[in-house]
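Right, one structure below, let's go through it.
Counting starts at 1 for both ligands and their atoms, following the listed order. Note: hydrogens, waters and symmetry copies are ignored here, and every other heavy atom, side chains too, is used. Throughout, numbering of the chain's residues begins at 1 and tracks the sequence. Values in this document were obtained by computation on a predicted structure and should not be read as measured data.
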Amino acid sequence: MSKLFTPFKAGTLSLDHRIVMAPLTRLRSEPGDKAGALLCEYYTQRTSQGGLIISEATPVAREGYGYAGAPGIYEDAQIEGWRTVTDAVHAGGGKIVMQLWHVGRQSHPDLQPGGKAPVAPSAIQAEGDAYTPHGARPFSMPRALELQDIPAVIDQFHQGAVRAKAAGFDGVEIHGANGYLPDQFLQDGTNHRTDEYGGPIENRARFLLEITQAAIDVWGADRVGVRLSPSGTYGSMSDSTPQETFGYVAAKLGALSIAYLHVVEPRIKGTELISESKPVAAKHLRQHFRGTIIAAGGFTGESVEAILQAGDADAVAFGRTFISNPDLPDRLRHNLPLTPYDRTTFYGGGMHGYTDYLKAPTSD
Ligand SMILES: Cc1cc2nc3c(=O)[nH]c(=O)nc-3n(C[C@H](O)[C@H](O)[C@H](O)COP(=O)(O)O)c2cc1C
């Protein structure tokens, strides 16, 4: 029997089906980094009865920006726009959590307050480009966070969690994946610190665990999820013992009783499928984490059933197919053809490639 359309729980969130909308940066905010009417329409279109949406990554600080056009949650004026989104999703019978974001070194001075160098655990540069207001610019050399500056960054996550609550979200997800700041602390390729935030995994995991705790203090553990991308190479990431690193973190997050662990399979590099291999990461972390697991990365309607049946994941998040199929749960339920996505409209622009993908004729 198909498991995809059976209910499941992620912490206190009761969901009717196991098709989750993955976090998707689309860079269509309004001035002031606010969520506007177009963004609200996009999420409304992707709401399903009893379905879970994870918002696009949302910076908790101006220093957390690597992409101009991302809607923020770093000041109170941004709460109202997000409130229209959560109201719309709830009116459609869905649930939505906010993904809290800090890019760390994946940035450029043009995006930073005062034109400073971006922050990171260590001064090690990533390859790739930031999306500045003046176009793509190579990531710059970051400055290593001073030990005494780390509590302020943790507090930015705390404040983001407080504002997400004021905006009516159902919970928050810590973006610990894809080579952004928490991931930079976690992996030894990017963390060469010698203080209590560097060295052995117990120290490298400290930052992620502290920001997770900061969110738990606001929401309770049963409304906080964490996203990880074990062995992911996006953002020039590397670790000398990834199985141990991520196994340790998963066990620690399990001990915190978080609502869910969201695992990106390494066959995905950011937004691209780089191998046709079977999912491995969720299967591995399942041995260390007994709670709800959401798997992501390269899944299709057929391969979802296999991972659910194997028990390696409880739900699956879809990214690219949700962009071009706003009614994705309906399409999978009724075996309707999927609309292909257009990569050129992923980031920035207006409604084209954003809110003009149609629902299937037979969908509600
Ligand atoms: C346009 C685009 C934007 C993305 N933005 C985010 C993001 O904000 N946060 C995040 O954790 N992952 C982000 N991802 C990664 C997706 O959440 C997902 O892991 C990836 O697309 C693989 O899933 P898929 O094969 O179903 O597309 C993005 C992917 C795409 C295509």
Show me which atoms of ligand 1 lie under 4.0 Å from any heavy atom of H175.
9 (N), 10 (C), 11 (O)
Can you tell me which residue and heavy atom of the protein come closest to atom 6 (C) of ligand 1, and the distance to 0.1 Å?
P23 O, 3.1 Å
Please confirm whether T321 approaches ligand 1 to less than 4.0 Å, judged on its heavy atoms.
no
Which of the ligand 1 atoms, numbered from 1, are nearer than 4.0 Å to a heavy atom of Q99
7 (C), 8 (O), 9 (N), 10 (C), 11 (O)
Give the minimum heavy-atom separation between Q156 and V60, together with the two atoms involved.
O-CB, 3.5 Å
Within ligand 1, which atoms have a heavy atom of R320 less than 4.0 Å away?
24 (P), 25 (O), 26 (O), 27 (O), 31 (C)
Testing the 3.5 Å rule here: is there a donor-acceptor pair between the side chains of D217 and Q213?
yes
Counting from 1, what ligand 1 atoms have a heavy atom of F318 closer than 4.0 Å?
26 (O)
Of the choices G232, G270, G298, which has the non-hydrogen atom that lies closest to atom 20 (C) of ligand 1?
G270
May I ask you to identify the nearest protein heavy atom to atom 26 (O) of ligand 1, giving residue, atom name and distance to one decimal place in Å?
G319 N, 2.8 Å
Any idea which part of T25 is under 4.0 Å from ligand 1, heavy-atom wise: side chain, backbone, both or neither?
both
Quick note on ligand 1: atoms under 4.0 Å from a heavy atom of A22 include exactly 17 (O)
For ligand 1, does N178 get within less than 4.0 Å through its side chain, its backbone, both, or neither, judged by non-hydrogen atoms?
side chain
Give me the nearest non-hydrogen protein atom to atom 30 (C) of ligand 1 as residue plus atom name, then the distance to 0.1 Å.
T271 CG2, 3.3 Å
Please report which non-hydrogen protein atom sits nearest to atom 11 (O) of ligand 1, along with the residue it belongs to and the distance in Å to one decimal place.
R227 NH1, 2.6 Å
Using a strict 4.0 Å threshold on nitrogen-to-oxygen distance, state whether R204 and D239 make a salt bridge.
yes
Please write down residue, atom name and distance for the protein heavy atom closest to atom 2 (C) of ligand 1.
Y347 OH, 3.6 Å
